[in-house]
Amino acid sequence: VANTIIVKHYQQLKTEVDNTIEDFKKECTDNKTSFLNNAPKAVDKGMDNLKAFEKLQTYKGDAAGLRSREEDMKFGLEIFNYEPINYPELTLVEKEIELLTKVWELKDDWDKQLEAWKDIKFMDLEADQMADVACDYQEKCKEFLADKEVKDWGVFAHIKQSVDKFRLLMELLRDTLLKKSIRDRHWKELRIEVKEDFDEQSEDFNLEKVMSLNLLNHNAMILEIGDNADKQLKIEELLADISYKWNESEASDLIVSKEKSKADNEDYFFIKQVDNIMELIEDHGQRLGTAKSSPFYKEFDTDIDFWESTIS
C-alpha cells in the first residue's frame, strides 16, 4: 500500500513538473511573440528615446522574471533526473533586448550631439571636425552589422541614415559654401536653387536652419557653385595682384638716375631701364586677356576693362 501511495504521488508530482515545464515553454513563446510584435524597433511619432527605454526596461524585467522562475524549476528537474532544458525563445528575446538597448543608446547619444550643435552659426561651423565625429558614429553603426537582424530595424536605419547624411552635408559645406571664395552672389544663386529666402549672416542662420534646407538634394548645383566660386576667386586675386603691382609694389618702379647735361651742366633724370615695366605689361596683358575670355568676365568686367585699358 505504501509503495502504491508513493508511486501515485511520484507520478502526480512528475505530471505537475511536466505541466509546469510545458506552461513555462508556452509563456516563453508568448513572451517572444509579444516582444517581436511590440518591441521598439522603429522610430515614429509615438516612439521617442525615453519611451523606447521604458518599454525595453519592461521587457527586460519580464525576461528576468522568467529566468527567475526557470531557476526555481531546476529543483523539480533534478528530482526526476531531467536534463537541463534550454529555452531559445527566451534567449532570443534577451539578446534582442540587449541589442535594441545599445542601438537606442547610440541614437540617444547622436541626438544629444546634434542638439549641442544645432545653434552654432553657419560661419562658425567646423565642418571637418564635425564630419570626423560623424565618421566615428558610422564606425559604431558598423559594429551592429554582425547581427543580421539589426539592419532591418527601423531605429537602426534611422540613425545610420541620419549620420551618413550629416557627414555628407559637412563635407559638402566644407568643399563649397564654407570656402573663402564664396561671395554674396553665390548665396543668391543658392537661395534661388532651394527656393527659400534666408540671411546667411544672421544669428538665426545656424546648423539647424542649414539642415532644414535639405542641401544634399541640391548637391550637384552646390558643387557647381563652389567650383565656379573658386575660378572667380582666381580672377579676384589676379586683379588684386595687378592693382598692388602698379600702385604699391616696387616691381613697377622706374629705375632712374639723376644726371647733368654736358651742354649746360643742368640736372636731368635718366631712365636706365624699362625691362621690369615691359615684363609687367606683357604678363598682365596676357592674364587680363585670359580673364576677359572667361565665362565669369561679366562679374569683373569693370575692373578687367579698366586695367586692360590702363596697361595698354
Side-chain angles (χ1 to χ4, degrees), residues 120-131 134 164-202 204-207 209-253 274-312:
I120 300 177
K121 286 181 60 178
F122 177 81
M123 296 302 177
D124 295 331
L125 292 176
E126 297 181 2
D128 256 336
Q129 179 184 340
M130 295 163 83
D164 289 347
K165 287 177 66 175
F166 184 85
R167 182 180 177 185
L168 289 173
L169 176 61
M170 289 302 103
E171 291 173 346
L172 177 64
L173 297 180
R174 176 198 65 198
D175 296 339
T176 56
L177 301 178
L178 284 170
K179 296 175 77 171
K180 67 176 185 177
S181 58
I182 297 296
R183 300 290 182 264
D184 290 344
R185 60 182 177 272
H186 303 124
W187 285 108
K188 182 179 179 181
E189 287 181 56
L190 181 62
R191 283 191 285 273
I192 294 172
E193 169 68 17
V194 300
K195 296 180 174 60
E196 186 165 345
D197 194 22
F198 56 81
D199 179 4
E200 67 276 4
Q201 299 294 337
S202 73
D204 295 334
F205 195 65
N206 51 28
L207 177 62
K209 175 63 178 177
V210 171
M211 292 179 69
S212 75
L213 295 175
N214 296 315
L215 297 181
L216 290 177
N217 293 340
H218 309 274
N219 185 74
M221 180 62 176
I222 294 173
L223 287 174
E224 183 179 343
I225 289 174
D227 185 54
N228 289 344
D230 287 344
K231 293 173 181 176
Q232 292 167 18
L233 179 62
K234 292 180 180 179
I235 297 177
E236 284 186 34
E237 291 173 341
L238 166 64
L239 294 170
D241 179 61
I242 291 175
S243 177
Y244 171 74
K245 289 285 177 59
W246 289 103
N247 292 323
E248 302 176 50
S249 171
E250 294 180 355
S252 59
D253 286 351
V274 292
D275 290 351
N276 58 321
I277 304 297
M278 297 305 296
E279 287 176 3
L280 281 181
I281 290 173
E282 182 178 357
D283 178 44
H284 290 169
Q286 289 178 351
R287 294 168 70 187
L288 285 168
T290 300
K292 195 165 186 176
S293 63
S294 162
F296 311 113
Y297 165 67
K298 285 189 176 181
E299 301 291 345
F300 309 97
D301 55 357
T302 301
D303 289 336
I304 291 175
D305 291 347
F306 167 79
W307 282 110
E308 188 177 52
S309 173
T310 301
I311 291 173
S312 65

I'd like to know if D241 pairs up with K245 as an ion pair, taking the criterion as any Lys NZ or Arg NE/NH1/NH2 lying under 4.0 Å from an Asp or Glu carboxylate oxygen. yes
Locate the shortest heavy-atom distance separating L173 from V210; write the atom from each residue and the value. CD1-CG1, 4.1 Å
Please round to the nearest 0.5 Å and tell me the distance separating atom CG of L238 and atom NE2 of H284. 7.0 Å
Could you tell me if the side chain of D199 sits less than 4.5 Å from the side chain of W187, heavy atoms only? no
What I'd like to find out is whether the side chain of M170 reaches to under 4.5 Å of the side chain of Q129, using heavy atoms alone. no
Considering all heavy atoms, the nearest F296-F300 contact: O-CD1, 3.4 Å
Residues 218-233 side chain polar contacts: donor-acceptor under 3.5 Å, at least two apart:
unit_1, atom_1, unit_2, atom_2, d
H218, ND1, E193, OE2, 2.9
D227, OD2, K231, NZ, 3.2
N228, ND2, E224, O, 3.4
D230, OD1, K179, NZ, 3.3
D230, OD1, S181, OG, 2.8
D230, OD2, K179, NZ, 2.5
Q232, OE1, R185, NE, 2.8
Q232, OE1, R185, NH2, 2.9
Q232, OE1, H186, NE2, 2.8

Would you confirm whether S309, through its side chain, and D305, through its main-chain N or O, come within 3.5 Å as a donor-acceptor pair? no
Does E200 have any side chain to side chain donor-acceptor pair (under 3.5 Å) partners at least two apart in sequence or in another chain, and if so, which? R191
I304 versus A291, closest heavy-atom pair with distance: CD1-CB, 3.9 Å
Please identify each residue that fulfils salt bridge (Lys or Arg N to Asp or Glu O under 4.0 Å) with E196, with sequence neighbours left out. K209
If you count heavy atoms of other groups shown closer than 6.0 angstrom to NZ of K234, is the number above 12? no
Distance col, row I235:CD1 vs E237:CD, nearest 0.5 angstrom, shows 10.5 Å
Judged by atom type as modelled, is there a donor-acceptor pair below 3.5 Å linking the side chain of S293 to the main-chain atoms of T290? yes
How are the rings of F205 and F198 set to each other: parallel, tilted or perpendicular (split at 30° and 60°)? parallel
Could I get the full list of side chain to side chain donor-acceptor pair (under 3.5 Å) partners for K292, not counting sequence neighbours? E308
Tell me, please, which residues at least two apart from E189 pass salt bridge (Lys or Arg N to Asp or Glu O under 4.0 Å). none
When rounded to the nearest 0.5 angstrom, what is the spacing between CE in M130 and CD in E171? 13.0 Å
Grab the two heavy atoms, one from D253 and one from I277, that are nearest each other, plus how far apart they are. O-CD1, 4.2 Å
Kindly compute the distance separating OG1 (T302) from CD (E299), expressed to the nearest 0.5 Å. 11.0 Å
Going through the distances and angles, do L190 and L213 end up as a side-chain contact (heavy atoms from CB on, under 4.5 Å)? CA-CA 10 Å; L190 181 62; L213 295 175; 5.6 Å; no
Between S243 and W307, the two heavy atoms sitting closest are CA-CZ2, 3.5 Å
Check salt bridge (Lys or Arg N to Asp or Glu O under 4.0 Å) between D283 and all other residues, then give those that pass, not counting sequence neighbours. R287
Applying side-chain contact (heavy atoms from CB on, under 4.5 Å), run through L280 and I242 and close with a yes or a no. CA-CA 9 Å; L280 281 181; I242 291 175; over 6 Å; no
To the nearest 0.5 Å, how far apart are CZ in F122 and CG in N206? 11.5 Å
Atom CD in E282, atom CE in M278: separation rounded to 0.5 Å? 8.0 Å
Nearest heavy-atom neighbours spanning A127 and R174: CB-CB, 3.8 Å
